[in-house]
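Since the structure comes first, as C-alpha cells, the remarks are kept for the end.
Values below: all heavy atoms of this structure, side chains included; hydrogens, waters and symmetry mates excluded. FYI, the numbering just counts along the sequence from 1.
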Amino acid sequence: MKIAKLLSGLALCALICASLPGCAKKSSPSNGVKIGIAKIVQHPALDAVEKGVMDVVNENGFNAQYDLQNANGDVNTAAQIALKYKDEGVDVAVGIATPVALALATSIKDIPIVFGTVTDPVGAGLVSSIDKGENNVCGMSDEVPSEQHIALFKKVAGIKTLGYIYTSNEANSISSLELVKKGCEKAGLGLVTQAITNSSEVQAAAKAIVDRVDGIYLTTDNTVFSALSSLVQVFGQAKKPIFSADVTGAEAGGCLMASGFNYYKAGRATGEMVVKILNGAKPADLPVRFMTEPSDSDLLFDLDVAAACGITIPQDLLDSANEIIQNGKLTKK
C-alpha cells in the first residue's frame, strides 16, 4: 500500500512539473512539432525561403507538421493567419516578410516567432537591437547593399536617371527607399519614384515612369516582385534595363542583371533558427541573422536583355557571374 501511494505521489509530481514552464520538455527529433509558416505573397523568392525553412527542419530529424499560409498581399489576412496560429497553438510561427512578421508579433506573445527576409527589423519594431531577439521574436534580415548595386548599374548600363517603384504601406519598402535615395545621391544619378499599394498597380506604375528613366532598380519589395512579369514587359518593350536585387525572381528572364543573396539559403538560415528554438534556445538570446558570406550571394546577367538594350557587359563581370541567361536558357556555374 505504501509503495502504491509513493508511486501515485511521484506520478502527481511529474504531472505538475510537466505543466510548469520551467519543467516543459523541449522538442526533439522524435517529438512531433507543428510549425506555422506564413508569407505575405506568393512568388519564387518567398517560395524558396519557405522551402529552405522546411528542408532544414526535416534534415534535423523533426517529425514536423506544417501549416503553410499565404496572405496574398493583404495585411488583414496576415492578422487572421496570426490569430489562427495563436488559437491552434503552433510550436513555432515563421513570418516571411515584414507585414506578416509584424502581424505575428502583434498577436502572439507566448509562442516563439521567427521572421524571415525582413529588411529593417529594428525600424519595423520587431526587435530593439540586431544583437539579440525581443522577448519571443527573432529572425533574419534581407538587407541588400543598394549603394553598391546602384553604382554597379551605372557602370554597366551607363544610366543617368534611375526609376524605383515601392510599396508605400510596407515598412520594408520605405526603409529600402531611403537606401536607394542615398545610393543615387552618391552615384550622382537622378531618381524617379512611383508608389503603389498592391501588386495590381505595378504595371501602371511601370508605364508611368518608363519614359522618364534610363533604367529601373528593384530591391526586395515583395509586392513588386509578385507582379514582376508585368514590369518586365513594360521595360522590355521600351528596351530599358532592369537591375534586380532578387536573383531568384530574375532567373525567369527579363532583367539585365541581378545581384543578391540566394533566397533558398536565406530560408535555410531562417530554418536553422527554428531548429535552435525547437532544441530549447530562447528567441531573445538569438541575434538577427544577416546573409553576409560570399557564398550566400549570386550574380546574374541576361545577355538577351543586354543585346536588346544595346549594352555590352564587361568581361570581368561576366567571368565573376555564376548565372547567365542566353538564348532564353539559364546556365548556372
Side-chain angles (χ1 to χ4, degrees), residues 15-40 46 49-58 60-71 74-118 121-122 124-141 171-172 266-289:
L15 181 62
I16 294 172
C17 183
S19 67
L20 296 174
C23 298
K25 183 179 180 181
K26 71 180 181 181
S27 298
S28 68
S30 61
N31 294 332
V33 295
K34 185 173 183 180
I35 300 173
I37 306 178
K39 54 192 175 187
I40 185 60
L46 299 193
V49 174
E50 180 183 84
K51 185 177 188 304
V53 172
M54 293 189 292
D55 283 353
V56 168
V57 173
N58 294 338
N60 277 271
F62 286 94
N63 178 21
Q65 175 188 351
Y66 298 100
D67 186 346
L68 306 180
Q69 298 290 331
N70 174 12
D74 187 351
V75 293
N76 293 322
T77 302
Q80 292 170 7
I81 293 170
L83 291 176
K84 179 179 187 293
Y85 288 166
K86 179 181 179 181
D87 293 341
E88 295 181 1
V90 297
D91 292 286
V92 180
V94 180
I96 302 175
T98 305
V100 173
L102 284 172
L104 295 178
T106 299
S107 298
I108 301 173
K109 303 300 181 183
D110 56 353
I111 296 171
I113 296 169
V114 179
F115 57 80
T117 62
V118 171
V122 175
L126 288 166
V127 294
S128 56
S129 167
I130 62 172
D131 297 326
K132 60 185 182 66
E134 190 81 14
N135 299 321
N136 63 319
V137 180
C138 64
M140 64 82 57
S141 169
N172 167 59
R268 292 188 64 88
T270 306
E272 288 168 4
M273 301 187 80
V274 172
V275 168
K276 287 181 180 179
I277 291 169
L278 293 176
N279 283 328
K282 297 179 180 179
D285 294 334
L286 300 178
V288 174
R289 174 77 177 268

Taking the side chain as every heavy atom from C-beta outward, state whether Leu102 and Val75 have any pair of such atoms under 4.5 Å apart. no
Which of these passes side-chain contact (heavy atoms from CB on, under 4.5 Å) with Thr270: Met140, Glu50, Arg289? Met140
For Lys86, look at atom NZ and say whether over 12 heavy atoms of other residues, nucleotides or ligands are found less than 6.0 Å away. no
Give a yes or no on whether Lys84 atom NZ has more than 12 heavy-atom contacts from other residues, nucleotides or ligands under 6.0 Å away. yes
Determine whether Val122 and Ile130 make a side-chain contact, defined as any pair of heavy atoms from C-beta on separated by less than 4.5 Å. yes
Are any non-hydrogen side-chain atoms of Pro283 and Val114 less than 4.5 angstrom apart? no
Heavy-atom distance under 4.5 Å between the side chains of Ile40 and Ile96, does that happen here? no
Just by distance, do the side chain of Glu134 and the backbone of Ser128 share a donor-acceptor pair under 3.5 Å? yes
When Val57, Val56, Asn279, Val33 are each screened for side-chain contact (heavy atoms from CB on, under 4.5 Å) with Val274, the one that passes is Val57
Please tell me if the side chains of Phe62 and Leu278 come closer than 4.5 Å, counting only heavy atoms from C-beta onward. yes
Would you mind reporting whether Tyr66 and Val94 have side-chain heavy atoms less than 4.5 Å apart? no
So, Asp91 side chain and Lys34 main chain: donor-acceptor pair closer than 3.5 Å or not? yes
Is there side-chain contact between Asp55 and Arg268, with at least one heavy-atom pair below 4.5 Å? yes
In this structure, are over 12 heavy atoms from other groups packed under 6.0 Å from Lys282 atom NZ? no
Backbone N or O of Ile37 within a donor-acceptor pair of the Tyr85 side chain at under 3.5 Å? yes
